[in-house]
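Comments concern the structure below.
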Amino acid sequence: MRPNPAPLLLLAACLPLVYTLSNVEELKSQERLFLHSLGLSGRPRPAGSLQARRHVPSALWKMFRSSENIKVQESDPCTVSEYGVRGNIIRYVQDQGRLVSGWSSCQLCVEKQLFFNMSVLQPVELLSLAQLEIKFHWKPFSHAELLQGPRALSVSLYKVIRATLRGANAQANRRLLLSQSVQLQPDPASITLDLTSLGESWRKPGRNYGLVLELLPLSADPEDLLPFRPGNSLPLEPTFTLPLIQASLVAVSLNPHQCRSRQRRSAVHLPVTPSNVCKARRLYIDFKDVGWQDWIIAPQGYMANYCHGECPFPLSESLNGTNHAILQTLVHSLDPNSTPQPCCVPIRLSPISMLYYDNNDNVVLRHYQDMVVDECGCR
């Protein structure tokens, strides 16, 4: 499918030029270069509609808003403090597994396959953390179900070490990772488990066979959590419902090419000035104007700013000139035809954070350095 050129034409319409097809191709090339600078191989195209896409986890919203509100960050900007690991990319990789069986088989147990596609990480990324998060939501159909139904689940989590042929013993190809009970309450119950080493192995081709989650309803007696069996005094009625199972893999990774140790600076509100002297000028980038609102969740845009103006002789301290720039302006004043003026360039920049959907509808929080021009100087 050919890409839609409409967003690029919108960008072209902002410029005082008559754009031909070659100009649009040049804009596409510039878009690719910018996406590459963001660590993206191409423009993400989420599969689902905006309404059907995955809900943004509250933890990611909290981290995004925290990064927006920080005025000065004295610690390493490439550390995710919420998890205590190095990283500048946080992904909530969604479960692509399926329900294997229902409550009626395996003596009232249920099995669910969990599968997380780790190929969404680029080869350059260093995996710092892969944390499994499973939430159980149980809403009984009736008051009788609430009183007679299971009060807890026996939860077993297995790593699948190889594919199982039809008819073969599946248990022989599994390794137990976790076994515990979970109380069923109106509020969601949750389990977290560190799977970093396993997640790293899943990045290798042919090594990701996923997980199997096995659930078994337990007796309502708090002193004696016995499995339900035929003839039990607390029978499992047909109206009893499965808990809703939501599983995510929080993958924190570090792109070393986009992470340098710098202090995070406060946002700079630049004065509007008509002066021709080198200064930072306002430039707001609205992602809707370039057609990226379908994959960028937040922010809707940001104040990028840019540097523009002359570096005249003599250079004042306000122009932040280097010794070389001062000498260059002196030579330029004596012989302007052979030596150009120094250039007005960014000398202080600050980062931004972005929430977006990738091609697999995973929600990604990414921190980008050097995205906002805070101060300019002559160089």
Side-chain angles (χ1 to χ4, degrees), residues 54-55 57 91-121 127 129-139 149-185 188-219 225-230 236 238 240-252 360-363:
R54 188 180 177 202
H55 175 70
R91 291 180 176 89
Y92 266 65
V93 185
Q94 61 182 337
D95 171 32
Q96 299 178 8
R98 59 186 179 87
L99 194 65
V100 178
S101 61
W103 288 104
S104 59
S105 64
C106 187
Q107 291 195 351
L108 301 178
C109 75
V110 63
E111 288 186 352
K112 187 182 187 305
Q113 180 193 32
L114 304 180
F115 185 84
F116 303 98
N117 181 11
M118 295 297 285
S119 67
V120 296
L121 276 72
L127 182 64
L129 176 69
Q131 179 172 286
L132 178 66
E133 295 185 356
I134 305 175
K135 293 185 178 180
F136 303 93
H137 303 261
W138 186 58
K139 294 184 179 180
R151 290 293 181 268
L153 294 174
S154 172
V155 179
S156 298
L157 183 68
Y158 298 89
K159 173 181 69 173
V160 181
I161 58 177
R162 64 177 64 89
T164 304
L165 298 176
R166 181 175 297 179
N169 181 12
Q171 295 294 335
N173 297 320
R174 300 177 183 177
R175 294 291 181 270
L176 183 65
L177 296 175
L178 174 74
S179 179
Q180 70 178 69
S181 63
V182 173
Q183 298 297 316
L184 289 179
Q185 299 174 348
S190 63
I191 291 177
T192 60
L193 184 64
D194 190 335
L195 296 180
T196 305
S197 59
L198 184 56
E200 183 63 42
S201 70
W202 283 347
R203 300 180 67 181
K204 301 174 183 177
R207 297 290 298 275
N208 190 354
Y209 298 107
L211 307 167
V212 171
L213 184 69
E214 186 180 271
L215 306 177
L216 184 66
L218 297 173
S219 165
L225 292 179
L226 295 175
F228 279 99
R229 300 192 185 280
L236 189 67
F240 287 154
T241 54
L242 269 174
L244 175 63
I245 304 168
Q246 292 180 324
S248 295
L249 191 72
V250 182
V252 181
N360 294 294
D361 288 345
N362 297 315
V363 182

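Rounding to the nearest 0.5 Å places CG of Leu114 at 12.0 Å from CZ of Arg98. Annotation: the span from Met118 atom CE to Ser201 atom OG amounts to 9.0 Å, rounded to 0.5 Å. Rounded to the nearest 0.5 angstrom, Gln180 CD and Leu157 CG are separated by 10.0 Å. Annotation: the span from Lys159 atom NZ to Leu198 atom CG amounts to 6.0 Å, rounded to 0.5 Å. Summarising the geometry, atom OG belonging to Ser119 is positioned 8.5 Å from atom CG belonging to Asn208; distances are rounded to the nearest 0.5 Å. In this structure, CZ in Phe136 is found 4.5 Å from CD1 in Ile191, a value given to the nearest 0.5 Å.
Within the 4.5 Å cutoff, the side chain of Val155 has heavy atoms near those of the Leu213 side chain. In this structure the side chain of Asn117 reaches within 4.5 angstrom of the side chain of Gln96, judged on heavy atoms. With a 4.5 Å cut-off on side-chain heavy atoms, Val160 and Leu211 do not count as touching. When side chains are defined from C-beta on, Leu216 does not count as touching Glu214, because their heavy atoms never get closer than 4.5 Å.
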message: Gln246 vs His137, test: side-chain contact (heavy atoms from CB on, under 4.5 Å). Steps then yes/no.
response: CA-CA 8 Å; Gln246 292 180 324; His137 303 261; 3.0 Å; yes

- request: Check step by step if side-chain contact (heavy atoms from CB on, under 4.5 Å) holds for Leu195 and Phe116.
  value: CA-CA 12 Å; Leu195 296 180; Phe116 303 98; 6.0 Å; no

message: One pair to check against side-chain contact (heavy atoms from CB on, under 4.5 Å): Thr192 and Val250. What are the steps and the verdict?
response: CA-CA 10 Å; Thr192 60; Val250 182; over 6 Å; no

Pair Arg174-Ile161, side-chain contact (heavy atoms from CB on, under 4.5 Å): steps then yes or no: CA-CA 6 Å; Arg174 300 177 183 177; Ile161 58 177; over 6 Å; no

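Residues meeting the side chain to side chain contact (heavy atoms under 4.5 Å, CB included) test with Ser179, sequence neighbours left out: Ser156, Leu176. Partners of Gln113 by side chain to side chain donor-acceptor pair (under 3.5 Å), not counting sequence neighbours: none found.
Residues Ser190 and Lys135 approach most closely at CB-CG, 4.1 Å, considering heavy atoms. The nearest pair of heavy atoms linking Trp202 to Leu249 is CZ3-CD2, 4.2 Å. Across all non-hydrogen atoms, the minimal contact from Arg91 to Val120 is NH2-O, 3.5 Å. Residue Ala189 comes nearest to Val182 through the heavy atom pair CB-CG1, 3.3 Å, listed as atom of the first residue, atom of the second, then distance. The minimum heavy-atom distance between Ala251 and Leu121, with the atom names listed, is CB-CD1, 4.5 Å. For the residue pair Phe115 and Tyr209, the shortest heavy atom distance occurs at CD1-C, 4.5 Å.
Residue pairs that meet the salt bridge (charged side-chain N to carboxylate O under 4.0 Å, His left out) test with at least one member in residues 199-210, sequence neighbours left out, are Glu200-Arg203.
Residue Ile134 forms a side-chain contact (heavy atoms from CB on, under 4.5 Å) with just one option from Leu193, Ile245, Asp95, and that option is Ile245.
A donor-acceptor contact shorter than 3.5 Å links the side chain of Gln94 to the backbone of Asn360. Under the 3.5 Å distance criterion, the side-chain polar atoms of Thr196 are matched with a main-chain donor or acceptor of Ala130.
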